[in-house]
Amino acid sequence: MMHRTQSHCRKYLKRKKGLTSSVKGVSHLSRRAKRRLYCKLQLWMWRKRREKCRFWILRAKKRACGIKSDSCLSVKSQKNKSKVVSSPGCDTGGSEDTLTRLKQCESVSLSEMFFASKPPQNRVTDTTVSASNVSVPTVTSRKTETLTQLGEINDSLRHTVKPLSRDSDGHGSTTQFKKPRTLAERLEVDAPSGQLTAVPPGQDQPAHRAAVDRITSKKSASSQSDVSLKVLTKDIHEFLDDFYRSYGSFIPLQKSDVLRHLKRRFNADFIDRKNVIFPEVTKYRAAIIQKPVTSFRVVYKKHTLTLDDLSTLADQNWLNDQVMNMYGELIMESAHHKVHFLNSFFHRQLMTKGYDGVKRWTKQVDLFSKNLLLVPIHLEVHWCLVTADSVKKKICIYDSQGNALQKVARNILKYLMTEAKEKKQTAFESGWTVSFDEKVPQQTNENDCGVFVLEYSRCLALGKPLQFSQKDIPKIRKRIYKELCDCKLHEQG
């Protein structure tokens, strides 16, 4: 007996020691026991909040279905919500109609009923709402359609459910619920981000639909702009590819060529989009240049130009004889052979071997049947032009550096008189005059004399005034390059 009493006392003291502490008011429960107690408390609080939420959800569903708070329907709980009790004075048409209307509302979830009070990024946008009295505008995006449906359902409501808010007096002792607010705004999808923006309540349904249509059109315009940019870039690439194949390089390419092509291709002016077009041209040019066109050459009659010959037209390079002679051939073709362009080696051969050295050069050509004779003169490091007008019997010197090369002009005069005597053209054996035209465009550097000679020849052969200057030479170089590759002179100078 004594042993059992002592054992019982030991157990009692051990239990008391576990529940008390050396410090008054502090429990010595284990961590597991504390955690279990905390979880039970949280579960109890969650159940209480759920019961309150069910009450407000059920109330919102009743209002969404057109059932007033004082009507004949009352629901005891969420579990037995199918049990409906009708009260006297019901004007809804029976319990079956009421149940049907409640079932229509069951598709509205908790997140949908509280979407008005949540921030836009947290609102539910992919839930399908089915209501018989709601007309939904057709929107291509499912997200836009769902949000529009939710907004229209709220139009049929006079109140919306607002989440429970708690106002405290600083000590947490006073708690009160705010009354449900009146529906003061509808929702509109703000494209293209998909966020929600408030629409004033004064706007009616047509205005809301107009806003949706406007947003849809903005999306369409944006996508069309993206597509047009892609098409524009693709067309620029195709144009540059064709240009590089046709001319072997980008030496003759001008910005106006790209704009002119795009205007002809799309029937629109792209001047306002230069900041997009030209960087793309520069970028794609750099990529294409890495793959040079192999064995590019231009063949026209007895003339052959390689890419090295055409490269003399780049920047401020000196033109070579191949470029001069083939361009002279194009000038004669353009002037319908009323003008004859002598070979650039003619004067050098005449100076070294005399008339006998060039006698056979005009065997198949009657120089005196031509209106104008063009003789390019190459003086080692300088080009100039001597012309012979057979109608006026006048020899003229055109020099871009202003040199009056009378000796060169007399050599050509002597040749013509000998040629007239040899061909028995007695009318041209005398009466010739030599002049120097000082009012011709002049060069301001030491590199463009060949380009000036070709432009002199072109203008004189086609009867155009000599209205160009040093600042026009870069464009003239590019134009000559294109004309040589196209094997014809262009109309626009």
Side-chain angles (χ1 to χ4, degrees), residues 324-325 327-351 354-379 382-443 448-469 476 489 493:
M324 302 290 290
N325 292 329
Y327 198 75
E329 189 77 34
L330 298 180
I331 290 175
M332 290 190 292
E333 291 288 339
S334 184
H336 307 291
H337 294 280
K338 294 181 180 180
V339 175
H340 187 73
F341 189 92
L342 287 173
N343 193 286
S344 62
F345 298 101
F346 174 83
H347 182 260
R348 186 183 305 169
Q349 187 78 356
L350 180 63
M351 292 296 98
Y355 177 78
D356 293 334
V358 295
K359 181 179 179 179
R360 297 173 58 86
W361 289 37
T362 58
K363 184 178 181 179
Q364 298 179 352
V365 179
D366 184 7
L367 296 180
F368 303 103
S369 65
K370 309 294 181 181
N371 295 335
L372 186 65
L373 179 65
L374 302 173
V375 186
I377 308 296
H378 188 218
L379 303 173
H382 182 60
W383 288 95
C384 67
L385 178 68
V386 175
T387 63
D389 190 338
S390 59
V391 178
K392 299 179 180 180
K393 293 185 179 182
K394 181 180 179 180
I395 296 176
C396 189
I397 303 172
Y398 294 87
D399 190 279
S400 58
Q401 291 183 343
N403 301 320
L405 304 173
Q406 297 293 333
K407 182 179 179 179
V408 175
R410 285 195 295 269
N411 292 335
I412 300 300
L413 175 59
K414 184 178 179 180
Y415 164 78
L416 288 175
M417 294 177 67
T418 306
E419 179 75 5
K421 185 177 181 180
E422 192 71 24
K423 297 290 182 67
K424 297 180 180 181
Q425 296 285 345
T426 57
F428 297 97
E429 293 181 7
S430 60
W432 291 88
T433 60
V434 178
S435 66
F436 172 70
D437 194 347
E438 298 180 353
K439 298 180 180 180
V440 295
Q442 300 291 296
Q443 68 183 92
D448 295 326
C449 52
V451 182
F452 274 84
V453 168
L454 292 183
E455 193 65 13
Y456 291 154
S457 303
R458 185 181 194 274
C459 293
L460 294 172
L462 301 180
K464 296 183 178 180
L466 302 177
Q467 294 180 349
F468 65 95
S469 62
I476 294 176
L489 300 187

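To the nearest 0.5 angstrom, Asp437 atom CG is 5.0 Å from Cys396 atom SG. To the nearest 0.5 Å, atoms CH2 (Trp432) and OG (Ser390) are separated by 6.0 Å. Going from atom CD1 of Ile395 over to atom CG of Leu413 covers 4.0 Å, rounded to the nearest 0.5 Å. The line from CD of Glu429 to OG1 of Thr418 is 9.5 Å long, rounded to the nearest 0.5 Å. With values rounded to the nearest 0.5 angstrom, Tyr415 atom OH is found 11.5 Å from Met351 atom CE. Atom CG of Leu385 and atom CG of Leu405 lie 11.5 Å apart (nearest 0.5 Å).
Cation-pi check for Lys393 over Phe428 is met; the charged atom lies under 6.0 angstrom from the ring centroid and within 45 degrees of its normal.
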Legend entry - Test log, rule side-chain contact (heavy atoms from CB on, under 4.5 Å), inputs Trp361 and Phe345: CA-CA 11 Å; Trp361 289 37; Phe345 298 101; 4.0 Å; yes

Inset, instruction - Run the numbers on Leu379 and Asn403 for side-chain contact (heavy atoms from CB on, under 4.5 Å), then give the verdict. - result: CA-CA 12 Å; Leu379 303 173; Asn403 301 320; over 6 Å; no

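Contact detail for Pro465 and Cys459: the closest heavy-atom pair is O-SG, 3.9 Å. The minimum heavy-atom distance linking Ala461 with Ala335 is given by the pair O-CB, 4.1 Å. Of all the heavy atoms in Ile397 and Phe436, the pair that sits closest is O-CD1, 3.7 Å. Considering all non-hydrogen atoms of both residues, Gln406 and Val434 come closest at OE1-CG1, 3.7 Å. In this structure, Lys423 and Thr362 approach most closely via the heavy-atom pair NZ-O, 3.3 Å.
Here the side chains of Glu455 and Phe468 are in contact, with some heavy-atom distance below 4.5 Å. Considering only heavy atoms from C-beta on, Tyr456 comes within 4.5 Å of Pro441 through its side chain. Ser334 has its side chain out of reach of Arg458: every pair of non-hydrogen atoms, C-beta onward, lies at least 4.5 Å apart. With a 4.5 Å cut-off on side-chain heavy atoms, Gln442 and Val440 count as touching.
Atom NZ of Lys338 has 12 or fewer heavy atoms from other residues, nucleotides or ligands within 6.0 Å.
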Return all side-chain donor-acceptor pairs below 3.5 angstrom for residues 370-378, not counting sequence neighbours, or 'none' if the list is empty.
from, atom 1, to, atom 2, distance (Å)
Lys370, NZ, His337, O, 2.8
His378, ND1, Arg348, NH2, 3.1
His378, NE2, Glu380, O, 3.2

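Exactly one residue among Tyr327, Tyr398, Trp383 makes a side-chain contact (heavy atoms from CB on, under 4.5 Å) with Val453. That residue is Trp383.
Side-chain atoms of Asp399 come within 3.5 Å of backbone atoms of Gly402 as a donor-acceptor pair (strictly under, hydrogens ignored).
The closest side-chain donor-acceptor pair between Glu419 and Tyr355 falls under 3.5 angstrom.
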